[in-house]
Amino acid sequence: MRNVTYVRALNEAIAEEMERDDDVFLIGEDIADCGGVFGVTAGMLRRFGRRRVWQTPISEAAFTGLAVGAAMAGLRPVCEIMYVDFATTCMDQILNQAAKLRYMSGGQLTVPLVIRTQQGGGTCEAAQHSQNFEAIFAHVPGLKVAMPATPHDAKGLLKAAIRDDNPVIFLEHKLLYETKGEIPREEYVIPLGEADIKREGDQLTLVATSRMVLHALEAADRVAGEVSVEVIDPRTIVPFDLDTVAASVEKTGRLLIVQEAWQSGGFGSEIIRRIVDRCFDSLKAPPRVHGSEDVPMPFSPSLEARVLPNPDSIASAIREIVA
Amino acid sequence: MTPIQLRECYRMMLLIRRFEEAVEELFAQGLIVGTAHFCIGQEASAVGAIAALQPDDMVTSNHRGHGHFLAKGADPRRLMAELFGRSTGYAGGRGGSQHVADFSIGFLGSHGITAGMIPIATGAALTQKLQQTGRIVLAFFGDGATGQGAFHEAVNIGAMWELPVVYLCENNMYAMSTPVEEAFRVPSVAERASAWGIPGVRCDGNDVEAVASAVSDAAKRARAGGGPTLVEAQTYRQCGHSKSDECLYRTDEEEQRWLQRDPLTVAAAKLIERDICTPDALDRLAAQVEREIEEAIQFASESPEPDPETVADGVFADFDVI
């Protein structure tokens, strides 16, 4: 095993897939000489040249659409949208085009496309650079949605996403890039749609996504003497590994979802819907979602801290459910 | 154009005209539902532009796409079946009027979001450039699409990267009901090409030869690595925007003026003037087209409905990642 950062893991995944398949190319803003604002594509220009690394003007609607068209016509683009917030300017291409072209064409067209972007708060970048949009993408049939929490998962899932014949929205988190974790020395791929039990327990099932997985594990540590918490990271929300979560809930009888997205209308509510459908009788307490407060992200650090879930607030939520 | 080419273009324009008229009638009879946007009056730009391409070049279309698709070589029977929502249609009933595609003939799709296919066409052109296929991509769109940011963004990148793409604007004077003079200040769409540093040319969109000639130059340039051209075909939609539009925003005089420049009339006059066809031969051609349309309707109406159990098929490509 090797200890690497999340950004390094992503960088390796891209380089390995570009080596493996000449059809894979990169497209996006500032991805060439400066290697992307967060450094995910660092070194790609030098290694693969301009024909594989297409740096664009600030034109998300165009370059996302170009990626869709290039994918339809036979290549495998990996498109970087600098912040998920900017994806609002190219939602036509993502929601109306990429997601639907296969279905609308009666299955003729395939769109083997990865749209990488990063989301989340905690950096005092305020309301237009801190959002979490996974529920929007997950709501529209035709898109797969990955949101890895660790370097290990980031690398394995990105490789799977690039090999997938469907459009995959790959949601990184800006505060995870510098986090470290172990990855195997040898090549590996993590299939989309397999949850990972990050910590075993038998009194409460805690499903967390992206950076909230780290907070959830910390909270589980804190309450370890009182409550035995099982922490599950679905890793992809489309496809969603309901079997693993349902098996856990059948064991624990309690469910808490922790998401950084807003409390209301998020994917956490959707997980509860599916669990209620599948194993209502196993529930010993009402399932809960703990997300961000329903406000645009404020700038001030003291206000931002109030909005985001944190290990303390998660621990409180755990205690309330088992009380 | 050679006599054979011109006659074939005329036949295709007539086929498109009769197809659209038949669909209009089928709507009135309640045999086709939903919506549709007809290209009656714009047949020359569809047929002329595609006549200037190689058979394996690619085309993207817009909401007014029946003519583009037929001109690219679509089977009228399967297009009609799609409009009927039948399993034999191009998308098995999943697409309908605005979403038809046939990858095997290089028709990447018509679609329902104005300007949405312009970036996609540009991306398909990037694939041609990277794979050095020698093919080009032609994107059809209307004057209304030029109001969209995606149009500007995509043409700019196509120009910067010298991609093998032709941007073909069918300026039919109205974005639904909004006349072009209320939509942009420059006198022509072609003039906007200077903003991206590419050639912009305007042609008579009701003269199939004029369109073919303009697109032929643009296609040559694209294929040679010279990058995109913006071609504006000046035309007129003789029908309403969609089947429910009564055209209250324009005058009878204007409509009459354009009827005299009907693309079929223009082409028929050339065929007779040049002794390519006699009036009798044109009548025989019309009768052939009539039969083709009847066959298409018969095929569509006799085709089975899609199996409701298959409704989720095609959302995702089945693919094992390992």
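Below, chain A is the first sequence line, B the second, and so on; all start at residue 1. This is a predicted model, so every value here is computed, not measured.
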Do B:I113 and A:Q97 have side-chain heavy atoms sitting under 4.5 Å apart?
yes
Side chain, backbone, both or neither: which part of B:V311 has a heavy atom under 4.5 Å from chain A?
both
Most contact-rich option vs chain B, by heavy-atom pairs under 4.5 angstrom, among A:T110, A:T56, A:D23, is A:T56
Most heavy-atom pairs under 4.5 angstrom with chain A, which of B:V155, B:T127, B:L163?
B:T127
Tell me, yes or no, whether the heavy-atom count around B:M160 atom CE, taken from other residues, nucleotides or ligands under 6.0 Å, exceeds 12.
no
Quiz question: by atom type and distance under 3.5 Å, do the side chains of B:Q128 and B:T133 form a donor-acceptor pair?
yes
Taking every non-hydrogen pair under 4.5 Å, which of A:L143, A:I162, A:V111 racks up the most with chain B?
A:L143
I'd like to know which of A:L75, A:D92, A:I27 tops the heavy-atom pair count under 4.5 Å against chain B.
A:L75
If we ignore hydrogens and angles and just use 3.5 Å, is the side chain of B:Y90 paired with the main-chain N or O of B:D75 as donor and acceptor?
yes
Any idea which of A:P57, A:P141, A:G107 has the most non-hydrogen atom pairs under 4.5 angstrom with chain B?
A:P57
At a 4.5 Å cut-off on heavy atoms, which part of A:V238 comes close to chain B: side chain, backbone, both, or neither?
side chain
Can you say whether B:E82 sits under 4.5 Å from chain A via the side chain, the backbone, both, or neither, judging by heavy atoms?
neither
Side chain, backbone, both or neither: which part of A:D22 has an atom under 4.5 Å from a heavy atom of chain B?
neither
For B:S303 and B:T88, test the side chains for any donor-to-acceptor distance below 3.5 angstrom and give the result as yes or no.
yes
Counting only heavy atoms closer than 4.5 Å, note whether B:I157 contacts chain A via side chain, backbone, both or neither.
side chain
Given B:P199, which partner from the list B:T229, B:L230, B:V231 fulfils the side-chain contact (heavy atoms from CB on, under 4.5 Å) test?
B:T229
Contacting moiety of B:H111, where chain A heavy atoms sit under 4.5 Å:
side chain
Given the options B:L130, B:L126, B:L108, B:V315, which has more heavy-atom pairs under 4.5 Å with chain A than any of the others?
B:L130
Is the B:W196 ring parallel, tilted or perpendicular to the B:F151 ring (thresholds 30°, 60°)?
perpendicular
Choice from B:V100, B:D102, B:I118, B:T60 maximising heavy atom contacts with chain A below 4.5 Å
B:D102
Any side-chain heavy atom of A:V168 sitting closer than 4.5 Å to one from A:I115?
no
Please look at A:S105 and chain B and tell me whether the side chain, the backbone, both or neither of the residue comes under 4.5 angstrom of a heavy atom of that chain.
both
Between B:F140 and the options B:H68, B:H66, B:H63, the ring-ring contact (aromatic ring centres under 6.0 Å, His included) test singles out B:H68
Taking the six-membered ring for Trp, are B:H37 and B:H241 closer than 6.0 Å centroid to centroid?
yes
Using a cut-off of under 4.5 Å on heavy-atom pairs, state which of B:G95, B:A101, B:A154, B:G96 scores highest against chain A.
B:A101
